[in-house]
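Presented below is the structure to which this report refers.
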Amino acid sequence: MTHHSPSYAITVRLRYRDQPGLLGKITTAIGDSNGFIGAVDIVGVSDGLISRDITVNATNVEHGQRIVETIRQIAGIEVVNVSDRVFLMHLGGKIEVNPKMPIKTRDDLSMAYTPGVARVCTAIHEDPESSFALTIRKNTVAVVSDGSAVLGLGNIGPRAAMPVMEGKAMLFKEFGEVDAFPICLDTQDTEEIIATVKQLAPTFGGINLEDISAPRCIEIEERLERELEIPVFHDDQHGTAIVVLAGLKNSMRFLNKDLAGARVLINGAGAAGTAIAKLLMQAGVPDIVVCDSKGAIHKGRTDIAHNSIKVWLSENTNQDGQSGTLSDVIRGKDVFVGVSVANVLTGDDVASMGKDAVVFALANPNPEIDPKVADEHVQIVATGRSDYANQINNVLCFPGLFRGVLDVRASAINDAMKLAAADAIADVISPENLTNHYVIPSVFDRRVCGEVAKAVAQSALETGVARRLTKQAYRVV
């Protein structure tokens, strides 16, 4: 099956004589080229010529180019221009800063700026905590990256990372009413990143680390957590772990199994895989084996001594000391969670899993196994993609989590708050509505953010990290 995506959408402007049958030839040519027509709009008619914009979804950029060339071959058709809709969306950036009130009079100016602002500055100087109430800090998060591990693109640097961080800021606002700003740092030195974020901290109510490579991301987060008065959250680690835990909780509910008794295999020993293992352990799952590219991680592995993450995993997971390749250790497992690379699993591998098994193949853009192949052998399949059922997407977590954190001015994001977020996401789907293709809510389910915010805020209050009691009525945004 060919997957078309708006990620590869183009708009082709055509001009031709307004003659019967020409539009049919155009649409037929697009269909014969395996293009998917999204919209057809008349731009104008002049001197017997009609101009039309046709939006076409393709599988990739090259496919889009082939479709355009096919259209060019039709006699009487002029291709005026071709626009990549993704690039058009990014022209000039995707976010902006707007004032919350107009400056129309001299009085407005004197209150918003000098001389009136001086009294507010003095109040904050005398009580620094009031900066949370009297500035944007109350509702503002920094989205910080060094561009070292951006999506599946790798180390592309801070400038190329900006479109992703802008997108993250959009999602914060759209789903959580949180103001977020992208900050891409022109350094990949751990100490410089830590120092820079600490110096930026007075402007923000929270720090969301993004797309920083492992293992540096773990040290950066841990250090900043200890040294800052505001919460620090690395979404690639903990956001992923929270949504995975939510999906696994509902998978087990649907299968009438106990998650605590599940035999879990995690493929990928980087930041996300380690965070998933840690959160599953916090949720009471003891039987976890983690694989890297060389197979199961265990205490007998001498090649991991230089890697602190893998040493920790060898000491805290795989209590039975299982060894061998991924294909060896997947046998009999109840759950597979992949945060690794494409096509490392075969149909035979998943067929060897335990009865009513669950496969979360989350490598992006191409999962560890074709979901259709996995579906033939296991009960539940999830991926990180939007074009398959059960999408594991961090958007389900971070807007609501930070909404709750900011509402109670939490000083940290602890394990109890992460578990509460996972429970809230899972509980959005009532048990009677669960199916094997619906164990995780849609990213567009507007209930999710409010439920996560409420659960996280309550957990922060109960665990003593909230610095502000709130009577706010949580609403679905």
Side-chain angles (χ1 to χ4, degrees), residues 93-100 117 120-121 123-125 127-147 158 161-162 164-187 190-212 217 220-239 394 397-414 417 421 449 452-453 456-457 460 465-468 470 472 477:
K94 304 189 293 290
I95 60 174
E96 63 183 7
V97 176
N98 284 308
K100 294 169 72 174
V117 74
V120 181
C121 295
I124 295 172
H125 177 67
D127 176 18
E129 274 288 296
S130 66
S131 67
F132 286 99
L134 295 171
T135 73
I136 62 170
R137 192 178 194 195
K138 172 183 179 181
N139 193 52
T140 306
V141 168
V143 181
V144 179
S145 180
D146 66 353
M162 269 296 286
V164 178
M165 305 313 134
E166 285 185 21
K168 195 86 173 189
M170 289 179 73
L171 297 173
F172 266 110
K173 188 66 174 179
E174 176 67 26
F175 292 101
E177 279 297 327
V178 173
D179 296 316
F181 198 83
I183 296 176
C184 291
L185 304 178
D186 198 6
T187 177
T190 295
E191 294 301 327
E192 287 187 356
I193 292 171
I194 291 169
T196 303
V197 174
K198 287 173 68 175
Q199 289 160 357
L200 290 169
T203 305
F204 298 98
I207 305 292
N208 184 93
L209 301 175
E210 193 77 20
D211 290 352
I212 300 173
C217 60
I220 290 168
E221 183 195 42
E222 289 177 347
R223 288 268 302 280
L224 288 172
E225 280 180 332
R226 290 198 301 268
E227 298 173 27
L228 288 181
E229 60 166 348
I230 57 176
V232 181
F233 185 77
H234 185 215
D235 188 50
D236 302 318
Q237 291 184 65
H238 309 298
N394 292 12
C397 174
F398 66 82
L401 181 134
F402 270 99
R403 176 74 277 141
V405 162
L406 293 170
D407 285 344
V408 296
R409 204 182 301 158
S411 59
I413 298 170
N414 57 35
M417 294 158 72
C449 180
V452 172
V456 167
V465 297
R467 291 176 291 184
R468 172 176 178 262
T470 179
Q472 175 178 343
V477 295

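Just one residue in the list I207, I220, I183 forms a side chain to side chain contact (heavy atoms under 4.5 Å, CB included) with V197, and that residue is I207.
The ring pair (Phe, Tyr, Trp, His ring centres under 6.0 Å) check on F172 picks up F398, F402, with sequence neighbours excluded. The salt bridge (charged side-chain N to carboxylate O under 4.0 Å, His left out) search around D186 returns R159, not counting sequence neighbours. Under the side-chain hydrogen bond (donor to acceptor under 3.5 Å, both in side chains) criterion, S130 pairs with no residue, sequence neighbours left out. Remark: H238 engages F233 in a ring pair (Phe, Tyr, Trp, His ring centres under 6.0 Å) (not counting sequence neighbours). With sequence neighbours left out, the side-chain contact (heavy atoms from CB on, under 4.5 Å) criterion links I136 to T140. Scanning for side-chain hydrogen bond (donor to acceptor under 3.5 Å, both in side chains) contacts around K198 gives E227, with sequence neighbours left out. Qualifying salt bridge (charged side-chain N to carboxylate O under 4.0 Å, His left out) partners for D236, counting only residues two or more places apart in sequence or in other chains: none. Considering only residues two or more places apart in sequence or on other chains, D146 meets the side-chain hydrogen bond (donor to acceptor under 3.5 Å, both in side chains) condition with S148, R216. Among residues two or more places apart in sequence or in another chain, the side-chain hydrogen bond (donor to acceptor under 3.5 Å, both in side chains) test is passed with Q199 by none. Applying the salt bridge (charged side-chain N to carboxylate O under 4.0 Å, His left out) rule to E166 yields the partners K94; only residues at least two apart in sequence or on another chain are considered. Residues forming a side-chain contact (heavy atoms from CB on, under 4.5 Å) with A460 (at least two apart in sequence, or on another chain): V408, A410, M417, V465, A466. Under the rule for a salt bridge (charged side-chain N to carboxylate O under 4.0 Å, His left out), E222 has no partner lying at least two apart in sequence or in another chain.
Of all heavy-atom pairs between A457 and G404, the closest is CB-O, 3.8 Å. Counting all heavy atoms, side chain and backbone alike, M165 lies closest to V143 at SD-CG1, 3.8 Å. The minimum heavy-atom distance linking G147 with S145 is given by the pair N-OG, 3.0 Å. The shortest heavy-atom contact between A201 and I230 is O-CD1, 3.9 Å. When all heavy atoms are compared, the tightest approach of E210 to D235 is OE1-CB, 3.5 Å. Across L401 and V456, no two heavy atoms sit closer than the pair O-CG1, 3.8 Å.
Between S411 atom OG and L228 atom CG the span is 11.0 Å, to the nearest 0.5 Å. Taken to the nearest 0.5 Å, the CG atom of L406 stands 6.0 Å off from the CG atom of N139. Expressed to the nearest 0.5 Å, how far CG of L209 lies from CD1 of I193 amounts to 9.0 Å. Annotation: the span from F132 atom CZ to R467 atom CZ amounts to 4.5 Å, rounded to 0.5 Å. If you take NE2 on H125 and SG on C121, they are separated by 11.0 Å, rounding to the nearest 0.5 Å.
Contact check for E192 versus L185: no side-chain heavy atoms found under the 4.5 Å cut-off. Contact of the V144 side chain with the H234 side chain is not registered, since no non-hydrogen atoms from C-beta on lie closer than 4.5 Å.
Between the side chain of R403 and the backbone N or O of G176, at least one donor-acceptor pair lies under 3.5 Å. A donor-acceptor pair under 3.5 Å is absent between the side-chain atoms of D407 and the main chain of A453, judged by distance alone.
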So E191 and R223, salt bridge (charged side-chain N to carboxylate O under 4.0 Å, His left out) or not? Walk me through it. CA-CA 10 Å; E191 294 301 327; R223 288 268 302 280; 3.0 Å; yes

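Of the charged side-chain nitrogens involved, none lies within less than 4.0 Å of a carboxylate oxygen, so that R137 and E129 do not count as a salt-bridged pair.
Other residues, nucleotides and ligands contribute more than 12 heavy atoms inside 6.0 Å of the NZ atom of K173.
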